Structure formats: C-alpha cells, structure tokens
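The structure appears right after this line, and notes come after that.
Per chain, numbering begins at 1; letters A, B, ... match sequence-line order. If you're wondering where the values come from, they're calculated on a predicted model, not measured in any experiment. All values below were derived from every heavy atom in this structure, side-chain atoms included, with hydrogens, water molecules and symmetry-related copies excluded.
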Amino acid sequence: MRYWLMKSEPSDVSVDDLATMPNQTVAWYGIRNYQARNFMRDQMRVGDQVFFYHSSCAEPGIVGLATVSKLAYPDQTQFDSSNKYFDPKATPENPRWFNVDVKLVKKTRLLGIKELRSYPELEHMRILQTGNRLSITPVDPKEWEFITGLL
DNA sequence: GCCAACGTTGGC
DNA sequence: GCCAACGTTGGC
C-alpha cells in the first residue's frame, strides 16, 4: 500500500465539497501532467492512503484523509469538447488521460504549509521543495506516520 | 498580482 | 533531438 498527497483547489473541489458528494467520492479528473497521470495510472491501487491538500488558496495545507476507491480509468473530461479539460488528441480508443476515484476518510484540522515546513522530519517532502508543482506526489511511510500523528 | 520554477510545444 | 518561447502552477 502506498501513500500520496493530492492537491485540489478548494474553489474547484474543497474537502467540504467532497464530504457532500455521493458516497463522499470524487473522480480526480483534469490532471494534465504526465508524471501525475503516471502515478495514478501505474502506481495507485485501491486502498492507498491520501492526504487531501488545499492549494492556490488563502490557507494552503492538508485538510483531510482520503483513500483511493477505484483504479485509474480514462478521464471522461478529455473527450468532451465543451469541457475545459478537453484534449483534441485523445480518443476513447486511445485515451491520453486517466484518473482514479478518491473517497473521503475524514476531515482533519487544517495542517498548513507553514506548519509542515516547521518540522525537520518533513524537510524532504516533495510538496515542500522549492519549485515543486506536481499536484500528486508520493508520501514516504515515515512522513505519513509523522503527519497523521499531528492530526 | 507577482514571479520563480517548471512543463510543454513546435520550428528547425 | 535541441531549445527558445510560451503557458501554468502555486505560495506569497
């Protein structure tokens, strides 16, 4: 089993939005970065554990725990010409983008990026490195344990 | 809104 | 395959 951190802009899907969705589950659509796609398509398995992270907002940070509830399948938005994530080069026979489903385990307190940065135990976290923009990153089991101990 | 740091695109 | 130009991300 693996551990992940997945960023979402709360203006798009917040942890509170997730809590009100059917089965508290959301399709992680709209990923248009190959590295992040590959993590979902090639490495994520049902039951993997996820930190739900709010980005591009007033208070960025971890706000919930979630789990991968469905293996990667073609991202439906790539085929929809009216969708902002439409990809004209993708076809149902040859999809380019994939997403998993993510289910909320529980909301947590806000563990802000400033606090994350304050712990030497977390200094190697991908999310805290300068210039890191990946919206999906693996989390080390030790880091997962340390962070869940703070929540 | 700024801007550093990336990722992607496309001409050659 | 190189790499300059361009677009995007995301904390501040």
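- Following rounding to the nearest Å, A:I127 (CD1) and C:dT9 (P) show an atom-to-atom distance of 14 Å.
- Computed from coordinates, the A:N132 CG to C:dG11 C1' distance equals 12 Å when rounded to whole Å.
- Picking from B:dG7, C:dG10, B:dG10 the nucleotide with the shortest atom distance to the side chain of A:Q35 gives B:dG7.
- Taking every side-chain heavy atom of A:T130 into account, B:dA5 is the closest of B:dG10, C:dG11, B:dA5.
- To the nearest 0.5 Å, atom CH2 of residue A:W4 and atom CE of residue A:M44 are 5.0 Å apart.
- Between the P atom of C:dG10 and the CZ atom of A:R126 lies a distance of 13 Å, rounded to the nearest Å.
- Distance A:L128 CG to B:dA5 C1': 16 Å, rounded to the nearest Å.
- OP1 or OP2 of C:dG10 sits under 4.0 Å from a side-chain N or O of A:K7.
- The nearest whole Å value for the distance from the CZ atom in A:R32 to the P atom in C:dC6 is 25 Å.
- For C:dG11, the OP1/OP2 oxygens have a side-chain nitrogen or oxygen of A:Y53 closer than 4.0 Å.
- Of the options A:V50, A:T137, A:V139, a side chain to side chain contact (heavy atoms under 4.5 Å, CB included) to A:Y3 is made by A:V139 and by none of the others.
- Nucleotide B:dG7 holds its P atom 15 Å from the CD1 atom of A:I31, rounded to whole Å.
- Ring pair A:Y85/A:W28: centre-to-centre distance not below 6.0 Å.
- Applying side chain to side chain contact (heavy atoms under 4.5 Å, CB included) to A:I147 and the options A:M125, A:E121, A:K142 leaves one that passes, A:M125.
- To the nearest 0.5 angstrom, A:Y29 atom OH is 4.0 Å from A:D12 atom CG.
- Contact annotation for A:R117: backbone-only contact, meaning every heavy-atom pair under 4.0 Å involves sugar-phosphate atoms and none involves a base.
- Between A:N33 and A:K89, the one whose closest nucleotide on DNA chain B sits nearer the 5' end is A:N33.
- To the nearest angstrom, C1' of C:dT9 lies 8 Å from CD of A:E9.
- Of the candidate nucleotides C:dG10, B:dA5, B:dT8, B:dA5 has the atom lying nearest to any side-chain atom of A:R133.
- In this structure, the nucleotide among B:dG10, B:dT8, C:dC12 sitting nearest to the side chain of A:Y34 is B:dT8.
- Rounded to a whole Å, the NE2 atom of A:H54 is 12 Å from the P atom of C:dG11.
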